There are 2 protein chains.
Amino acid sequence: MPQQPPRRATRADVARLAGVSDSTVSYALTGDRPISDETRERIERAMDDLGYVPHARAAALASKKPSLVALHFPVGERGIDVSDLNYVNAASDRAEVEGIQLLMWTHDINDIDALRRLVSQGLIDGIILMEVRQHDERVDYLRTTRLPFVTIGRTKDNTALSYIDADFDAWGPLAVNHLADLGHTEVALISQPGSVVESGYGPVILTQSSLMAQAERRGMRVHLVNSRPNIRAGREALAQLLTAHPGITAAVGFNAPAMIGVLEELAVMGLRVPEDMSILHFGISPEQAEMTVPAQTTISVPGGVLGDEAMTVLIERMTNASAPTRQILAPPVLVDRGSTGPAPLRAD
Amino acid sequence: MPQQPPRRATRADVARLAGVSDSTVSYALTGDRPISDETRERIERAMDDLGYVPHARAAALASKKPSLVALHFPVGERGIDVSDLNYVNAASDRAEVEGIQLLMWTHDINDIDALRRLVSQGLIDGIILMEVRQHDERVDYLRTTRLPFVTIGRTKDNTALSYIDADFDAWGPLAVNHLADLGHTEVALISQPGSVVESGYGPVILTQSSLMAQAERRGMRVHLVNSRPNIRAGREALAQLLTAHPGITAAVGFNAPAMIGVLEELAVMGLRVPEDMSILHFGISPEQAEMTVPAQTTISVPGGVLGDEAMTVLIERMTNASAPTRQILAPPVLVDRGSTGPAPLRAD
DNA sequence: CTGTTAGCGCATTCAC
DNA sequence: GTGAATGCGCTAACAG
């Protein structure tokens with residue numbers, strides 16, 4: 001075990017030991033200018049001997065380059081699951097490439113005071129906001145600030161706002177076309193409770209209306225059900241739907257717990273997936289999709305894309321104050337896990 | 001909306017506008033020396049006018065006081081649930097009082113390289129490790145380092161290691177005494193799978209053996225079951241136990257999913273809690289305990305205590321290099337949620 | 001290829 | 001009560 005030196009070695013210590021000037025040590029580190037092999041070796045040996053590690057905070061102060069970024073992940077009631085961490089990890093990986101660390105911030109979404117304190121401290125160089133609402137106080141506050149920020153998701157008024165979001169307008173058509181091409185003409189849409197939709201939750205509204213519009217174009221009938229997010233509600237919803245509309249050959253979900261209920265009910269009724277009923281699910285993570293029996297075909301944004309893109313945009317904004325506003329919509333991806341198939345012939 | 005100033009105001013700007021020297025502004029801020037009311041007012045007005053906020057990073061550099069601490073929370077497979085956030089929030093709150101920010105770090109527990117990079121950066125002033133294992137590579141690495149650190153949980157060889165942990169040796173006796181006082185003489189212990197115990201998972205081993213020892217002293221018979229952590233296994237375990245040992249009047253759990261199964265099976269069998277069977281559960285959070293029907297009486301460490309204590313110790317170590325090693329065991333707390341009661345008279 | 005110099009924004013010691 | 005001066009550890013012109 002190495003002896004612990006009394007104090008942190010500094011660049012000056014290294015320079016002295018290597019017999020070069022301070023700045024030469026810096027340049028040897030960054031490679032920003034050519035150094036003779038011999039000098040470089042002496043410096044490296046000195047660094048080793050002293051156990052020298054550069055001090056990022058001092059560097060940040062001097063260079064005025066970003067070194068710490070916050071990711072606001074308001075956890076609220078539901079915690080953070082493994083799929084959420086895709087965002088975080090992707091953002092973190094992207095940041096590390098630039099030598100930037102990620103401060104994961106989990107305060108309540110309404111605790112603007114805490115946010116204000118964080119920002120005022122001058123500790124962080126930028127911030128990414130997750131779980132953005134149609135009207136979001138955090139955005140209002142940050143707009144009054146000099147701090148660069150990017151949102152994952154968008155507010156209603158997104159003027160001059162840099163954001164990354166899923167392109168929900170494309171989700172509906174993608175689903176409809178996939179099913180219509182398989183011959184389905186009558187489908188169920190198991191959506192969120194009415195209250196969620198009415199409160200202006202963007203993803204559901206945009207997806208739902210784009211789906212309806214495309215269904216009309218393709219001559220597909222859609223039966224919309226606003227289901228509470230639990231297993232029992234999903235079971236009941238499916239049972240009622242099939243009674244009322246026996247011609248339904250596919251169920252599209254935007255409600256993970258309810259869809260578990262739908263799958264349970266199908267199993268109870270002896271209906272097979274996808275032979276008797278096709279299943280398609282919006283927005284759930286691969287982990288959630290693989291967890292059920294059978295696994296579900298999904299339409300969503302690949303984990304990590306949003307996090308990575310957000311960090312990329314933020315870095316641009318931090319580095320270049322006059323960088324243009326970027327509003328990015330990530331295209332949806334359909335992952336076929338075998339729960340959709342040709343429409344069965346069914347006696348209406 | 002305020003106009004965005006071209007650049008951040010500095011202390012020098014404030015001093016100039018207020019017509020005082022730089023240091024006077026500093027002292028006005030910290031209150032470290034007397035300032036005339038008149039001067040103070042001028043300074044405060046100047047700060048307001050300029051929208052001045054102190055720059056934490058520069059302050060940290062100059063004062064050499066800690067300003068950023070990492071909390072390593074290896075999320076692994078299971079994600080972060082709301083009760084986990086108790087630790088985080090408690091630590092974060094404690095840190096904020098000292099003007100320290102918390103960097104929540106979720107990299108894999110085995111990614112020592114990433115840890116090395118984080119530490120080498122010189123960005124953080126200390127680190128708290130969660131989910132510590134009996135033999136933990138992170139600890140091995142950090143020991144070779146000058147960076148102050150504290151663990152939540154302890155390694156096998158904890159020489160010169162500062163840690164906070166639950167006092168598992170006290171869990172068993174607390175449970176046994178509680179039940180024995182209620183007249184129970186034959187109980188089941190629904191523990192973790194044998195593999196977990198054999199791999200040297202400290203909490204289970206310590207709790208289990210302290211429970212056995214105290215049971216012997218109090219003349220209580222304990223039937224140990226190593227159950228897989230899922231609902232079905234719990235149901236089966238209870239059914240078999242009651243068949244083999246009908247005299248059992250209480251079930252003690254250290255296995256959240258299995259205990260849900262136990263409760264289900266009791267309900268199916270028409271047995272009431274606590275009239276027919278008492279239930280006591282180790283180590284689960286209040287949220288988990290309240291989630292079941294009926295809610296469960298628990299023995300555990302109050303959420304937040306560990307996080308708060310860990311941060312306190314870390315701050316001490318960062319502030320005072322020669323601070324003594326602290327090894328703290330937090331006492332258990334029994335929270336009675338009504339699932340334990342007097343032992344029923346049962347015909348053996 | 002390498003050294004010198006002047007800061008980054010602030011805390012703090014030493015003067016008055 | 002207040003100001004001047006020095007330095008935290010490093011970067012980045014500006015000089016050779």
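Each chain gets a letter, A, B and so on, in the order its sequence line appears, and its residues count up from 1. On a predicted model such as this, the values are computed, not experimentally measured, just so you know.
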K.L.:
Given atom NZ of Lys64(A) and atom P of dA13(D), what is their separation to the nearest angstrom?
P.N.:
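Taking atom P of dA13(D) as the reference, NZ of Lys64(A) is at 12 Å.
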K.L.:
Can you tell me which nucleotide in dC10(D), dG3(D), dG3(C) comes closest to the side chain of Val20(B)?
P.N.:
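Nearest to the side-chain atoms of Val20(B), counting from C-beta on, is dG3(D).
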K.L.:
Using a strict 4.0 Å threshold on nitrogen-to-oxygen distance, state whether Arg116(A) and Asp113(A) make a salt bridge.
P.N.:
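A salt bridge links Arg116(A) with Asp113(A).
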K.L.:
Measuring from the side chain of Ser21(B) (C-beta onward, heavy atoms only), which nucleotide among dG3(D), dG9(C), dT12(C) has the closest atom?
P.N.:
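In terms of side-chain proximity for Ser21(B), the closest of dG3(D), dG9(C), dT12(C) is dG3(D).
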K.L.:
Any non-hydrogen side-chain atom of Tyr87(A) less than 4.5 Å from a side-chain atom of Ile128(A)?
P.N.:
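SC-SC contact between Tyr87(A) and Ile128(A) ruled out.
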K.L.:
Before accepting this row, confirm whether a basic side-chain N of the pair Arg42(B)/Glu38(B) lies closer than 4.0 Å to the acidic partner's carboxylate O.
P.N.:
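Yes, Arg42(B) and Glu38(B) are salt-bridged.
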K.L.:
Given the structure, check if the side chain of Ser23(B) and the base of dA4(D) hold any donor-acceptor pair shorter than 3.5 Å.
P.N.:
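Answer yes: a donor N or O sits under 3.5 Å from an acceptor.
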K.L.:
Go nucleotide by nucleotide along DNA chain D from the 5' end; which of Ser36(B) and Ala62(B) gets its closest nucleotide reached first?
P.N.:
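It is Ser36(B), whose closest nucleotide lies nearer the 5' terminus.
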K.L.:
Salt bridge between Asp111(B) and Arg117(B), side-chain N to carboxylate O under 4.0 Å?
P.N.:
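No, this pair does not count.
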K.L.:
Spell out yes or no: do the side chain of Arg33(B) and the base of dG3(D) have one donor N/O and one acceptor N/O closer than 3.5 Å?
P.N.:
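In this structure, the two groups form a donor-acceptor pair.
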K.L.:
In whole angstrom, give the distance that lies between atom CZ of Arg16(A) and atom P of dT4(C).
P.N.:
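The distance from CZ of Arg16(A) to P of dT4(C) comes to 14 Å, rounded to the nearest Å.
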K.L.:
Taking CZ from Arg57(A) and C1' from dC8(C), how many angstroms apart are they, rounded to a whole number?
P.N.:
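After rounding, the gap between these two atoms is 15 Å.
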K.L.:
Would you kindly give the CG-to-C1' distance between Asp22(A) and dA12(D), to the nearest whole Å?
P.N.:
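Rounded to the whole Å, the gap is 13 Å.
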K.L.:
Can you check the Ile43(B) CD1 to dC10(C) P distance for me, whole Å?
P.N.:
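It works out to 13 Å between those atoms.
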K.L.:
Please give, in whole Å, the distance from dG9(C) C1' to Asp125(A) CG?
P.N.:
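Answer to the nearest Å: 14 Å.
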K.L.:
Between the base of dT4(C) and the side chain of Tyr27(A), is there any donor-acceptor pair under 3.5 Å?
P.N.:
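Result: no qualifying N/O pair found.
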K.L.:
Is the shortest distance from a Lys or Arg side-chain nitrogen in Arg16(A) or Asp13(A) to a carboxylate oxygen in the other one below 4.0 Å?
P.N.:
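Salt bridge present between Arg16(A) and Asp13(A).
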K.L.:
If I take atom CG in residue Leu61(A) and atom P in nucleotide dG7(C), what distance separates them, rounded to the nearest angstrom?
P.N.:
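It is 14 Å, rounded to the nearest whole Å.
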K.L.:
If you check the Ile35(B) side chain, which of dT2(D), dG3(C), dC10(C) turns out closest?
P.N.:
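Nearest to the side-chain atoms of Ile35(B), counting from C-beta on, is dT2(D).
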K.L.:
Quick one: Asp13(A) CG to dG7(D) C1', roughly how many Å, whole number?
P.N.:
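Going from CG in Asp13(A) over to C1' in dG7(D) covers 14 Å.
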K.L.:
Base, sugar-phosphate, or nothing for Ser63(B), non-hydrogen atoms under 4.0 angstrom?
P.N.:
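Sugar-phosphate, backbone atoms only, no base.
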